[in-house]
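Worth knowing before you read on, the calculation uses all heavy atoms, side chains too, and leaves out hydrogens, waters and symmetry mates.
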Amino acid sequence: MRSHAVTKGLERAPHRSLFKAMGYTNEELSRPLIGVCHAQNEIIPGHFDLNKIVDSVKTGVRMAGGTPVAFGTIGVCDGIAMGHTGMKYSLCSREIIADSVEIMGMAHPFDAMVLIPNCDKIVPGMLMAMLRLNIPAVMVSGGPMLTGRYHGENVHLVSVFEGVGKVKANTMSLDELEELEENACPGCGSCAGMFTANSMNCLTEALGLGLPGNGTIPAVHANRQRLAKHAGMAVMNLFHEDIRPRDIATTEAFENAMAVDMALGCSTNTVLHVPAIAKEAGVDLPLETFNKVSKRVPHICSLIPGGTHSMQQLYEAGGVQAVMNELLDSQDSLNQQVMTVTGHTLGENLKKAQVRDSEIIRPVSNPYHKVGGIAVLYGNLAPDGAVVKQSAVAEEMLTHTGPARVYNSEEEAQAAILGNAINPGDVVVIRYCGPKGGPGMPEMLSPTSAIIGMGLGTSVALLTDGRFSGGTQGACIGHISPEAANGGPIGLIEEGDIITIDIPNNTLKVELDDATLATRREAWQEPKAKITTGYVARYAKMVTSGATGAVLKD
């Protein structure tokens with residue numbers, strides 16, 4: 001056992017003494033030490049109640065003969081960080097989380113680990129560390145928030161963001177917005193909808209690194225606590241069988257997860273996180289793989305924000321396991337032989353799965369869209385790629401040509417949108433917001449929500465080298481690479497240039513010839529760094545492109 005390095009033998013008496021200072025007994029120290037890594041805090045709704053999950057996991061570990069040892073890591077609430085300098089610190093927190101878990105796992109040689117995240121960057125950060133450490137491990141999330149109700153309709157966090165635009169457009173009063181604000185988030189959990197947190201928790205389950213139910217059991221359900229106990233027991237089985245994360249997270253498993261990504265219509269942020277996680281597993285996952293999977297896997301769930309169905313409805317319809325079972329009817333969609341943290345193969349797990357509502361989880365023969373939820377676009381505006389959640393784009397905006405309205409910051413664009421300076425047909429371009437230029441590739445839920453709230457969602461497109469929240473809907477294309485700060489073509493666009501978007505054909509271009517772009521490139525000057533001290537300044541110097549998952553340079 002790894003833990004014998006600190007618990008066994010004459011020379012480890014000082015180490016045992018330190019354990020005994022905390023009340024550990026010889027009996028506890030003779031058992032496998034199981035790290036229970038959590039990100040519980042009092043600033044993220046999805047993490048506020050994770051102490052309950054921690055307690056249940058520890059119970060499960062003890063029931064199966066292990067000794068749980070809990071420790072914490074950081075987490076950023078993207079909703080609270082949105083729209084100000086704080087959002088520059090969100091994506092880059094992923095690397096800090098991965099590094100901190102690695103540090104704890106190496107400094108204190110646990111025999112196995114249970115990881116407990118719930119929200120946006122914490123899930124991929126912990127998954128990256130899990131694969132980097134490669135000791136037996138299970139992930140169990142805190143679960144999704146219930147959907148709020150307002151005037152008889154389902155509402156959620158993004159409804160409030162869109163409400164700001166409605167107030168500016170005089171279609172909602174301040175009193176109505178306040179009432180919406182009171183009811184949109186009815187309790188703890190990851191924000192209700194197929195936003196980034198729930199997307200990543202579902203993909204963790206699809207990848208085989210989380211137990212069935214990890215992605216969809218609501219945070220407030222007793223079944224979530226039972227799942228946490230089972231996770232504690234499952235990690236002990238993985239320890240005894242010596243099944244490790246890299247035995248599970250194979251190329252085939254990642255392709256399974258991408259298939260579920262397409263079927264559910266997950267957040268575009270998955271295109272950042274999945275390759276970053278794959279890199280830690282030693283799996284090569286080029287950006288183009290997303291298009292290949294998207295073309296063969298239909299979109300069979302219409303979930304908030306692109307659709308009307310809630311996470312709770314997806315859970316009641318059978319959850320991720322039922323979605324995967326349905327995909328078995330789609331040619332070459334899933335590999336059933338991959339191992340999972342249950343100790344069984346995916347095919348064995350799916351024998352228990354069934355679709356309980358064929359409208360929430362449609363058959364592959366009658367999908368919402370014949371192609372997957374995400375598309376990667378290429379062209380002279382995005383030579384290395386750009387990403388769009390095509391399942392959340394209105395039909396009339398799948399192809400669009402219009403004049404560029406160019407802004408060098410989110411704040412400038414937001415002021416223009418709310419100031420009625422954007423006209424139907426425009427293409428709003430927000431640049432210098434990539435991993436380096438942002439810095440930190442900030443999400444932009446405020447301008448996208450403002451466009452919807454102002455009634456421009458079916459007539460205005462938005463492009464950026466930054467990224468969008470999983471709560472985004474509409475013709476919003478992000479991750480444009482190379483980014484402007486690295487001299488990418490998006491930095492050469494001028495006001496009024498004509499931009500053409502063709503999502504069905506995966507193209508994104510500006511109507512300029514190569515000679516014009518070359519002339520503009522010669523005149524282009526790299527902008528001064530927006531932040532020059534601290535972690536984010538270091539991150540900007542070390543980060544790679546959004547097209548490679550915004551991982552740090554080797």
Side-chain angles (χ1 to χ4, degrees), residues 41-50 52 75-84 86-87 118-120 141-199 201 215-224 265 267 301-317 360 392 414 418 443-455 457 468-474:
N41 60 42
E42 296 182 356
I43 193 66
I44 308 177
H47 290 224
F48 189 81
D49 283 347
L50 286 188
K52 297 176 183 176
V76 171
C77 178
D78 279 18
I80 294 174
M82 194 74 65
H84 58 89
M87 182 43 71
N118 208 21
C119 293
D120 296 34
S141 76
M145 183 187 294
L146 295 179
T147 307
R149 298 288 290 172
Y150 171 76
H151 293 190
E153 295 183 354
N154 285 339
V155 290
H156 41 82
L157 175 66
V158 178
S159 306
V160 187
F161 274 95
E162 293 174 357
V164 175
K166 290 179 180 180
V167 170
K168 288 288 186 177
N170 296 315
T171 59
M172 175 179 278
S173 69
L174 283 172
D175 287 342
E176 289 172 326
L177 179 61
E178 183 177 356
E179 183 183 354
L180 174 61
E181 174 188 327
E182 294 280 351
N183 291 282
C185 300
C188 290
S190 48
C191 291
M194 193 50 74
F195 310 146
T196 304
N198 290 329
S199 294
N201 285 322
T216 58
I217 299 172
V220 296
H221 277 214
N223 200 17
R224 177 60 61 175
S267 163
C301 298
S302 184
L303 300 163
I304 296 168
T308 57
H309 299 144
S310 68
M311 291 300 298
Q312 184 175 350
Q313 288 175 299
L314 177 61
Y315 166 64
E316 292 166 352
I360 306 298
Q414 178 78 344
L418 295 179
E443 280 186 352
M444 286 178 258
L445 182 54
S446 295
T448 61
S449 299
I451 285 174
I452 298 297
M454 298 285 284
F468 298 117
S469 162
T472 296
Q473 59 175 308

With sequence neighbours excluded, residues passing side chain to side chain donor-acceptor pair (under 3.5 Å) with Glu181: none
From Cys119 SG over to Asn198 CG, what is the distance, rounded to the nearest 0.5 angstrom? 8.0 Å
In the structure I gave you, are the side-chain heavy atoms of Thr147 and Met311 within less than 4.5 Å of one another anywhere? no
Going by side chain to side chain donor-acceptor pair (under 3.5 Å), name the residues that satisfy it together with Gln414, two or more places apart in sequence or in a different chain. none
Hey, are the side chains of Met82 and Cys77 touching, using non-hydrogen atoms and a 4.5 Å cut-off? no
Please tell me if the side chains of Pro186 and Met145 come closer than 4.5 Å, counting only heavy atoms from C-beta onward. yes
Nearest-0.5 Å distance, CG of residue Leu50 to CG of residue Asn118: 6.0 Å
Please enumerate all residues that pass side chain to side chain contact (heavy atoms under 4.5 Å, CB included) together with Leu157, with sequence neighbours excluded. Phe161, Cys185, Cys191
Show the nearest heavy-atom pair for residues Gly215 and Arg224, with the distance to one decimal. C-NH2, 4.4 Å
Closest approach of Ala169 to Gly453 (non-hydrogen atoms, all atoms of both residues): CB-O, 4.0 Å
Asp120: side chain to side chain donor-acceptor pair (under 3.5 Å) partners, not counting sequence neighbours: none
Here the pair of heavy atoms bringing Ala219 nearest to Gly143 is CB-O, 3.6 Å
Residues two or more places apart in sequence or in another chain: which of them pass side chain to side chain contact (heavy atoms under 4.5 Å, CB included) with Glu182? none
Which pair of non-hydrogen atoms, one from Leu146 and one from Ala192, has the smallest distance, and what is that distance? O-CB, 3.8 Å
Which residues share a side chain to side chain contact (heavy atoms under 4.5 Å, CB included) with Ser159, sequence neighbours left out: Val155, His156, Leu180
What are the two closest non-hydrogen atoms of Glu443 and Thr196, and how far apart are they? OE2-OG1, 4.1 Å
Once side chain to side chain contact (heavy atoms under 4.5 Å, CB included) is applied, do any residues pair with Ile452, and if so which ones, sequence neighbours excluded? Glu162, Gln473
Should Asp78 and Phe195 count as side-chain neighbours, where that means a heavy-atom distance under 4.5 Å? no
Holding to ring-ring contact (aromatic ring centres under 6.0 Å, His included), I want the full list of residues that pass it with His221, two or more places apart in sequence or in another chain. Tyr315
Phe48 versus Glu42: any side-chain heavy-atom pair under 4.5 Å? yes
Residues passing the side chain to side chain donor-acceptor pair (under 3.5 Å) test with Thr308, sequence neighbours excluded, are none
State, with a plain yes or no, whether a side-chain heavy atom of Ser310 is found less than 4.5 Å away from one of Glu316. no
With rounding to the nearest 0.5 Å, note down the distance linking CD1 in Ile360 to NE2 in His309. 3.5 Å
Check: Ser199 side chain, Ser267 main-chain N or O, donor-acceptor pair, under 3.5 Å: yes
d(Glu176 CD, His151 NE2) to nearest 0.5 Å is 6.5 Å
State the CE-CD1 distance between Met194 and Ile304, to the nearest 0.5 angstrom. 10.5 Å
Ignoring hydrogens and angles, tell me if any N or O in the side chain of Asn201 forms a donor-acceptor pair with the backbone of Ala197 under 3.5 Å. yes
Kindly say whether Lys166 contributes a backbone atom to a donor-acceptor pair with the side chain of Thr171 at under 3.5 angstrom? yes
Closest non-hydrogen atom pair between Asn41 and Gly75, with its separation: ND2-O, 3.9 Å
If you count every heavy atom of other residues, nucleotides or ligands that lies below 6.0 Å from Ile80 atom CD1, does the total exceed 12? yes
The reported gap from CG in Asp49 to SG in Cys188 (rounded to nearest 0.5 angstrom) is 4.0 Å
